[in-house]
Amino acid sequence: MDASHSGIQEPFDLIRLSLSERVFVKLRGDRELTGVLHAYDGHMNLILSDVEETIMIVDHVDGAPEGHATVNVAKRKMEMLFVRGDGVILVSPPSRT
Amino acid sequence: MLIFSVFKTLTDQTVSVELKNDLSITGTLKSVDQFLNIRLDNIKVLDEGRHPHMMAVKNCFIRGSVVRYVQLPAEHVDTQLLEDATRRETAATKR
């Protein structure tokens with residue numbers, strides 16, 4: 001298995017190559033973050049800076065037909081944030097366009 | 001171990017801990033352990049009206065597993081050092 005030229009052998013390598021880059025993180029509880037990744041560990045605990053959090057709040061209106069729930073989006077910014085790994089669903093590297 | 005070290009360097013700094021039940025507690029970080037359990041002094045609860053039972057609490061021990069976020073003082077975090085330490089730790093665990 002010679003993948004050494006790409007530097008990617010295991011899934012965590014994808015996160016390692018995203019260090020000091022802006023990443024997208026999806027979390028439990030309908031939360032998403034974007035921020036610059038500075039540290040992570042094997043639990044996927046993360047330390048991000050310049051973070052924007054997006055919280056999706058789904059309101060199911062009584063009597064409304066299926067699939068017609070309204071979604072409210074709340075956003076907030078944080079300067080430096082530790083994220084506990086057990087809430088992480090995925091980490092996506094920056095889109096290289 | 002890396003993140004544990006980061007928290008250790010931040011003792012006596014003011015941090016904001018957000019729990020998985022949406023309770024946000026700001027206080028002075030007094031100590032931390034390998035499970036990232038956290039002890040806070042001089043605590044202040046965000047939105048005290050919604051959590052009146054927390055009003056009398058002045059210091060607390062937070063079980064690491066109930067933490068969602070910790071907001072850190074950015075001026076006390078060396079991001080370059082963090083990235084280098086992360087690369088070193090991942091390299092060490094692969095050997």
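By convention in this document, chain letters (A, B, ...) are assigned in the order of the sequence lines, proteins followed by strands, and residues within each chain are numbered from 1.
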> Do you know which of B/Leu82, B/Asp84, B/Thr90, B/Thr86 makes side chain to side chain contact (heavy atoms under 4.5 Å, CB included) with A/Leu19?
Replying inline: B/Thr86

>> Out of the candidates B/Val6, B/Thr79, B/Val70, only one should pair with A/Ile47 under the side chain to side chain contact (heavy atoms under 4.5 Å, CB included) rule; please name it.
In response: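 Going through B/Val6, B/Thr79, B/Val70 one by one, the side chain to side chain contact (heavy atoms under 4.5 Å, CB included) with A/Ile47 is satisfied by B/Val6 alone.
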
> Which heavy atom of B/Leu2 sits nearest a heavy atom of A/Ala39, and at what distance?
Replying inline: CD2-CB, 4.0 Å

> So which heavy atom on B/Tyr69 is nearest to which on A/Arg76, and how close?
Replying inline: CE1-NH2, 3.7 Å

Please classify the contact between [X] and chain A as side chain, backbone, both or neither, with a heavy-atom cut-off of under 4.5 Å.
X       : value
B/Asp78 : neither
B/Ser16 : neither
B/Gln80 : neither
B/Leu72 : both

> Do other residues, nucleotides or ligands put more than 12 heavy atoms under 6.0 Å from the NE2 atom of A/His43?
Replying inline: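 Count not over threshold, so no.
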
>> Counting only heavy atoms not in A/Met56 (residues, nucleotides, ligands), do more than 12 fall under 6.0 Å from its CE?
In response: yes

> Say you draw a straight line from CD of A/Glu21 to CD of B/Glu83; how long is it, rounded to the nearest 0.5 Å?
Replying inline: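 Here the rounded value is 9.5 Å.
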
> Between CZ of B/Phe7 and CG of A/Asn45, what distance do you get to the nearest 0.5 Å?
Replying inline: 8.0 Å

> Can B/Leu36 and A/Phe82 be said to form a side chain to side chain contact (heavy atoms under 4.5 Å, CB included), step by step?
Replying inline: CA-CA 11 Å; B/Leu36 306 184; A/Phe82 160 79; 3.6 Å; yes

>> B/Val77 vs A/His38, test: side chain to side chain contact (heavy atoms under 4.5 Å, CB included). Steps then yes/no.
In response: CA-CA 10 Å; B/Val77 179; A/His38 295 297; over 6 Å; no

> Judged by atom type as modelled, is there a donor-acceptor pair below 3.5 Å linking the side chain of B/Arg68 to the main-chain atoms of A/Gly87?
Replying inline: no

> In terms of heavy-atom proximity below 4.5 Å to chain B, should A/Arg28 be classed as side chain, backbone, both, or neither?
Replying inline: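 No part of A/Arg28 comes within 4.5 Å of chain B.
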
